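Have a look at the structure below, then the notes.
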Amino acid sequence: QVQLVESGGGLVQAGDSLRLSCTVSGRALSTSTMGWFRQAPGREREFVAVISWSGRATDYADSVKGRFTISRDNAKNTVYLRMNTLKPEDTAVYYCAAGRRTYSAISRYPQDFGSWGQGTQVTVSS
């Protein structure tokens, strides 16, 4: 059973930075495509970033491109989301997700991810 635990959220001011972490257990991270999604109050869950199982491919939502960076450390079984120049509209619960199958292609669609963390709150004040 794959388990994901996010950490690193908090309350920051606009322009600040945060780094979210997602620790994976139950599956070797090196075989998993990993994604970050977020959900703001009253809105649907939306794609933020994804990194392939090999680490060679990444994709970002247009709203975060150039500000956020997804990375992985397979030795630590951890995926990161570095968020710079945060804006109030980045306020949301951020979720880490693992691809439904091992060695899966990168995707922006939640249905392609089979395991999810509990989420970590990020609040950006103006």
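Computed from a predicted structure; not experimentally measured.
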Separation of Arg67 CZ from Asn84 CG (nearest 0.5 Å): 9.0 Å
hydrophobic_cluster_shared for Tyr80 and Val48, side chain cutoff 4.5 Å: no
Flag side-chain contact, heavy atom, 4.5 Å: Arg101 against Thr33: no
Ile51 to Ile106 - nearest heavy-atom pair and separation: C-CG2, 4.0 Å
Trp116 with Leu20, same ILVMFWY side-chain cluster at under 4.5 Å: no
Which atom of Gly10 lies closest to which atom of Leu18, heavy atoms considered: N-CD1, 4.1 Å
Test side-chain contact (heavy atoms from CB on, under 4.5 Å) applied to Trp53 and Ser32, step by step: CA-CA 5 Å; Trp53 60 269; Ser32 301; 5.5 Å; no
Polar side-chain atom of Asp59 near backbone of Val50 as donor-acceptor pair, under 3.5 Å: no
Steps toward side-chain contact (heavy atoms from CB on, under 4.5 Å) verdict (Trp36, Glu6): CA-CA 10 Å; Trp36 285 96; Glu6 302 98 333; 3.9 Å; yes
Connected via hydrophobic side-chain network under 4.5 Å: Val79 and Tyr60: yes
Distance in Å, Asn77 CG paired with Cys22 SG, rounded so as to fall on 0.5 Å steps: 9.5 Å
From CE (Met34) to OG (Ser104), nearest 0.5 Å: 10.0 Å
Positive for side-chain contact (heavy atoms from CB on, under 4.5 Å) with Met83, one of Asp90, Val124, Val122: Val122
Within 6.0 Å of CD in Gln111, more than 12 heavy atoms from elsewhere: yes
Nearest non-hydrogen partners of Ala92 and Ala40, listed with the distance: CB-N, 3.9 Å
Any donor-acceptor N/O pair, Arg72 side chain to Leu29 backbone, under 3.5 Å: yes
Distance (rounded to the nearest 0.5 Å) between Tyr103 OH and Ser54 OG: 11.0 Å
Minimum side-chain heavy-atom gap Ser63-Arg38 below 4.5 Å: yes
Heavy-atom closest pair, residues Thr78 and Ser21: CG2-CB, 4.1 Å
Gap separating the OG atom of Ser126 from the CD atom of Gln13, nearest 0.5 angstrom: 9.5 Å
Residue pair Ala14 / Pro88: nearest heavy atoms and the distance that separates them: CB-CD, 4.1 Å
Whether Phe47 and Phe37 hold their rings parallel, tilted or perpendicular, with breakpoints at 30° and 60°: perpendicular
Closest heavy-atom pair and its distance - Leu4, Ala98: CD2-N, 3.8 Å
Phe113 with Val64, same ILVMFWY side-chain cluster at under 4.5 Å: no
Hydrophobic cluster membership, Val24 vs Leu81, 4.5 Å side-chain cutoff: yes
Whether Phe68 and Tyr94 hold their rings parallel, tilted or perpendicular, with breakpoints at 30° and 60°: tilted
